[in-house]
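To keep things clear, I will list the structure first and then write my remarks on it.
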Amino acid sequence: MRPIDEDEDDLPPRPRPSATPDFEAWDAKLAGLDEALEVEEKRRLRWWQRDYWRARSKLWWTGRGIMAASALFALLIGWLAVTAPLSKSLEPIAPPQVTLLARDGTPIARQGAIVEAPVRLADLPPHVPQAFIAIEDRRFYSHWGIDPRGIARAAWTGYGGGSTITQQLAKFTFLTPEQSLSRKAREALIAFWLEGWLTKDEILERYLSNAYFGDNQYGLRAASLHYFYRQPENLKPEQAAMLAGLLQAPSRYAPTRHYDRAKRRMDLVIGAMVQEGYLTEAQARALPDPRLDVRRRDDNVPTGTYFADWALPLAREGIEASYSKQVISTTLDSRLQALASRVVARAPLNGAQVALVAMRPNGEVVAMVGGRDYAKSPFNRVTQARRQPGSTFKTFVYLAALEAGWEPDDTIPNTPITQGSYRPKNARERYSEQITLEDAFASSSNVAAVRLFQAVGSQKVISTARQLGITAAMPEGDPSLALGTSAMTLMELTAAYAGIAANDYPVEPHPFARGERGWWEWLTSRQESFARSTHEDIETMLRAAINRGTGRNAVLPVANFGKTGTTQDYRDALFVGYAGDLVVGVWVGNDDNTPMKGITGGSTPARIWRDFMRGALKLEAAPQPKTTASPDPEGPVQPLDIEEGAEIPVGENGATLRIDGNGVTLSQEGVPVELRLGEEGLVVQPAPSPGASPPP
C-alpha cells in the first residue's frame, strides 16, 4: 500500500514480477561473477608462487617451450660464432712440419705433421670426390648437415658411425675426439652451422684438405704425394679409392704397412662407387691394383733433441697457422753442440746424469745437453729439472754485499757458528779467525757466506738475485738460502751468470737470433747494470775461485771466471762460469736425488766445463771421443766433408770408396778389378797394384 501519485500516469508501466523466476539467468550471472573473481585472483598471483605456474594451460606451456627452445638455439648459434670461428676450418688440424736449423744451416730436428696446400674441388677429376662421397656420405649433397637415414642404418646394422662429412669436419676442426653424447650434440649443432654458412663444395674442400690419412699425412695433397708421389689433380680412380678407404682407420689401413688391408678396403670403396653409378661394373673390374711410390726424404734428421724440444714450442708461438712447412734458423752452433756431446759422453759419471748449457752473454743458447741419452730419457735437465744450486748461489750474496759497500779485502769471521738453530760447517772443518771476502769466496767458506748473508740482509740478497733473473722461491730470513737451498733450473742459473758476464741484466735465454736493440727499446727496457767497481770486484772474486780456489780443475790459459757448487750429501754438483764470449753451466747428479760418491762441483763438473771451453775457444785440440758403451746425446746432423782423393771405408770387408775429379771409384782388397762411375758411365778397370798411386 502506498499513496497515490497524481503524476504516476506519466511514468512507464512497472514490470510485473513473474510468477516463475528465471533461475538459468541467475546461474549465468553467478558463473560470470565466479569467472571474474578467478581471473582477478590469477592476475594478482606473483611468479614465485606455485599456483602462478600450476594455473597455466598445456597450450600455454607448449608455446612457451617452443619460444624457449628457439631462443636457446639462437644463443647457441651466437656462442658458436664467437667460440668456433668459421676461419678455423681453413686451418690445418695438426701443427705443420717445422724444421729447425743450426746457425750454419745444419738440420737439427724436424717435427710436426706433413701438411700440404689445400685442394680445390674444381681442379680435381670427378672420380676423386666421388670416391670419398661414395664411402663416407652418399647423401652428402641432399642432407642438411646430419643424415637421419645414415644414423638409423648405423644403429640398425652396427656398422659405421652415421656421421656425415659435415659432422666429421666439425669434429676434427672444432671438437676433441672424446666419445660422449654431449660431443655428438655439439657436433650436430656445428654441422648445422657449417651448412648454413658454407656451400657443399666448400665443406668438401675443407674436409679433404684436413682429414688424416695415416703415416703422419694430413690432407689429400700430402697423402697423394706420400703414397703415390703425384698431385691429387692427377690421381687415378684406383688411387683415389685407396685413399678414400684410409679415412675409416688410417693407421690400420696405411698401405705402407698393411697393403692387403688397404686393398680390401679399396675394393669396398669401388663397390660403393658402382652402386652410386660413378663407375660401371666393367670399369670397376678393369681397375688395377695401385702401385705405391713412397720416396724417403731427409730421414736422417732426428725428430727430437733436447734443444729442439725446448725451441719448437717457442717457434710455434710466432708461426701463424698455415699449411706451409716452416724452416727456422736457431742460435745453436753445430760445432759447439757436437763438442758438448763428445765431452759429456767421455766424462766419468759413474751412472749419474749430466746437463750442460752454453750461451752467449746476450742469452743466445749455442749448445745444450739435457742428459746422457735422449732416446732413453727425453727429460731435459737443463730446462725442466729444478735442483739446488749449492755454493753457486753465493755469487749473489757477495754481489749484494759489494753493492752495499763491502770490498773484496774486507774481513769477516771464519769461525764455527755456535749460536742459533742453523749451524753450517765448512768443508773439511777448515776455519780461521778472520778471512777476506775474496778468500772466503775462493775457498767457498760456508760460515763466512752465512755471516755475510745476515750482515747484508736476506731482502737485499733476494733482490739482487731477482734482478739477475732468478725466479725460484726464496724465503726471507732463511740463512740456508746463502748456501743455495732454493731449487732452480740450470738454464735459469746460467742466465744469471750471463747477466754478470755482460754486465747487462736480466738475460733471457733464447733459441732464435734477435736483432740489436734500437734506441727506443734501449730507453724503455728494464735492463740494468752494476757499477763499474762492483762488476770489477765480483769478477776478481770469480777469477780467484777458478784460479786458486775450489774451481782449480776448470782453469784455462785465458781470463776465466766461475764458481763451484755442491749440495748436501753430494746430491748435486755444479760449475757455472764464463770465458771469452761463452757462459756455460754444468750439472751432475741423480734423477732420484740420491747422493753421489764424492762428486763435487770442483771435480767432474769443473773438468767437463774446462774440456768444453778449451775446445770451444780453440785453446787446444778438442777431446776425441772414446770407445765406450755410453751413448752420445743426440745433436745436429754433422756434414761429412771428404777431401778429394781420400778413401772412405765401406763396410768391414776391406772395400773403399774414393772420390776424385774424374768420378767415384769402388774397390776391395783382393779383388783385381774396381768400378769407376764418371762422366763416361760405369767402367770396370784393373785395380792398381799395392803401393801404386790412384788413377788421375
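The line from CG of Leu617 to CG of Leu336 is 9.0 Å long, rounded to the nearest 0.5 Å. Rounded to the nearest 0.5 Å, atoms CD1 (Ile599) and CG (Asn350) are 5.5 Å apart. For the atom pair CG (Leu574) and CG (Leu490), the distance works out to 6.5 Å, reported to the nearest 0.5 Å. Rounded to the nearest 0.5 angstrom, Phe530 CZ and Asn503 CG are separated by 7.0 Å. For the atom pair Leu339 CG and Lys618 NZ, the distance stands at 11.0 Å (nearest 0.5 Å). In this structure, CD1 on Ile435 lies 11.5 Å from CZ on Arg430, to the nearest 0.5 angstrom.
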*Just do the side chain to side chain contact (heavy atoms under 4.5 Å, CB included) check on Val397 and Val450 with the steps written out, would you?*
CA-CA 9 Å; Val397 178; Val450 171; over 6 Å; no

*Any chance you could lay out the salt bridge (Lys or Arg N to Asp or Glu O under 4.0 Å) test for Arg387 and Asp572, step after step, and finish with the verdict?*
CA-CA 7 Å; Arg387 305 296 290 256; Asp572 302 274; 2.9 Å; yes

*Please report the C-alpha distance between Gln388 and Ser486 in whole Å, then the side-chain angles of each, then the deciding distance to 0.1 Å, and finally whether the side chain to side chain donor-acceptor pair (under 3.5 Å) criterion is met.*
CA-CA 6 Å; Gln388 292 184 357; Ser486 290; over 6 Å; no

*Output, in order, the C-alpha distance, side-chain angles, deciding distance and verdict of side chain to side chain contact (heavy atoms under 4.5 Å, CB included) for Lys425 and Asn446.*
CA-CA 6 Å; Lys425 298 180 180 180; Asn446 289 334; over 6 Å; no

*Would you please test Phe393 and Met474 for side chain to side chain contact (heavy atoms under 4.5 Å, CB included) and show each step?*
CA-CA 11 Å; Phe393 189 87; Met474 294 180 284; 3.7 Å; yes

*Would you please test Val576 and Val584 for side chain to side chain contact (heavy atoms under 4.5 Å, CB included) and show each step?*
CA-CA 6 Å; Val576 186; Val584 180; over 6 Å; no

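Side-chain atoms of Thr600 and Thr566 include no donor-acceptor pair closer than 3.5 Å. Of the N and O atoms on the side chains of Gln527 and Asp504, at least one donor lies less than 3.5 Å from an acceptor on the other residue. Remark: the Asp537 side chain and the Thr534 side chain contain no N/O donor-acceptor pair separated by less than 3.5 Å. Side chains of Gln337 and Tyr306: no donor on one and acceptor on the other come within 3.5 Å. Neither side chain, Thr489 nor Arg386, offers a donor N or O lying under 3.5 Å from an acceptor on the other. Side-chain atoms of Asn414 and Ser445 include a donor-acceptor pair closer than 3.5 Å. Side-chain contact check for Lys394 and Ser391: at least one donor-acceptor pair (N or O, by modelled atom type) lies under 3.5 Å. Side-chain contact of Asp309 with Asn380: a donor-acceptor pair under 3.5 Å is absent, judged by distance alone. For the residue pair Ser334 / Asp104, a side-chain donor-acceptor distance below 3.5 Å is found, with atom types taken as modelled.
Looking at Arg346, its side chain never comes within 3.5 Å of a backbone N or O of Arg342 through a donor-acceptor pair. A donor-acceptor distance shorter than 3.5 angstrom exists from the side chain of His535 to the backbone of Ile500, with no hydrogens or angles considered. Within the 3.5 Å criterion, the main-chain N or O of Arg335 finds a donor-acceptor partner in the side chain of Asp333. Listed for the Trp587 side chain is no donor-acceptor partner under 3.5 Å among the backbone atoms of Val354. Put simply, the side chain of Thr392 gets close to the backbone of Pro389: a donor and an acceptor are under 3.5 Å apart.
Between Pro408 and Leu402, the shortest heavy-atom distance links the atoms CD-CD2, 4.1 Å. Nearest heavy-atom pair across Phe575 and Gly562 is CZ-CA, 3.9 Å. The two atoms that bring Phe512 and His510 nearest to each other are O-CD2, 3.0 Å, heavy atoms only. For the residue pair Asn553 and Gly602, the shortest heavy atom distance occurs at ND2-O, 2.7 Å. Pairing each heavy atom of Tyr578 with each of Trp609, the nearest pair is N-CZ2, 3.6 Å. For Ile114 against Ala222, the heavy-atom pair with the smallest separation is O-CB, 3.5 Å.
Between Phe561 and Tyr497, the distance from one ring center to the other does not fall under 6.0 angstrom.
In summary, of the residues considered (Val447, Val461, Ile412, Asp410), a side chain to side chain contact (heavy atoms under 4.5 Å, CB included) with Leu452 occurs for Ile412 alone. For the salt bridge (Lys or Arg N to Asp or Glu O under 4.0 Å) criterion with Asp591, the lone passing option out of Arg372, Arg381, Arg571, Lys376 is Arg381.
When side chains are defined from C-beta on, Arg610 does not count as touching Met613, because their heavy atoms never get closer than 4.5 Å. Looking only at side-chain heavy atoms (C-beta outward), Thr383 and Met368 come within less than 4.5 Å of each other. In this structure, Leu100 and Arg110 have side chains that are not in contact, with every pair of non-hydrogen atoms separated by 4.5 Å or more. Using a 4.5 Å cut-off on side-chain heavy atoms (C-beta onward), Val365 and Pro509 make contact. Contact check for Ser329 versus Arg103: no side-chain heavy atoms found under the 4.5 Å cut-off. Side-chain contact between Thr471 and Glu492 is present, with at least one heavy-atom pair separated by less than 4.5 Å. Side-chain contact between Glu364 and Arg514 is absent, with no heavy atoms from C-beta onward closer than 4.5 Å. Between Leu101 and Ile328, every side-chain heavy-atom pair lies at or beyond the 4.5 Å cut-off.
Electrostatic pairing of Glu438 and Arg543 does not count as a salt bridge here, judged by no charged N lying under 4.0 Å from a carboxylate O. Salt bridge status for Glu476 with Lys460: absent, with no side-chain N to carboxylate O gap under 4.0 Å.
Other residues, nucleotides and ligands contribute only 12 or fewer heavy atoms inside 6.0 Å of the CD atom of Gln459.
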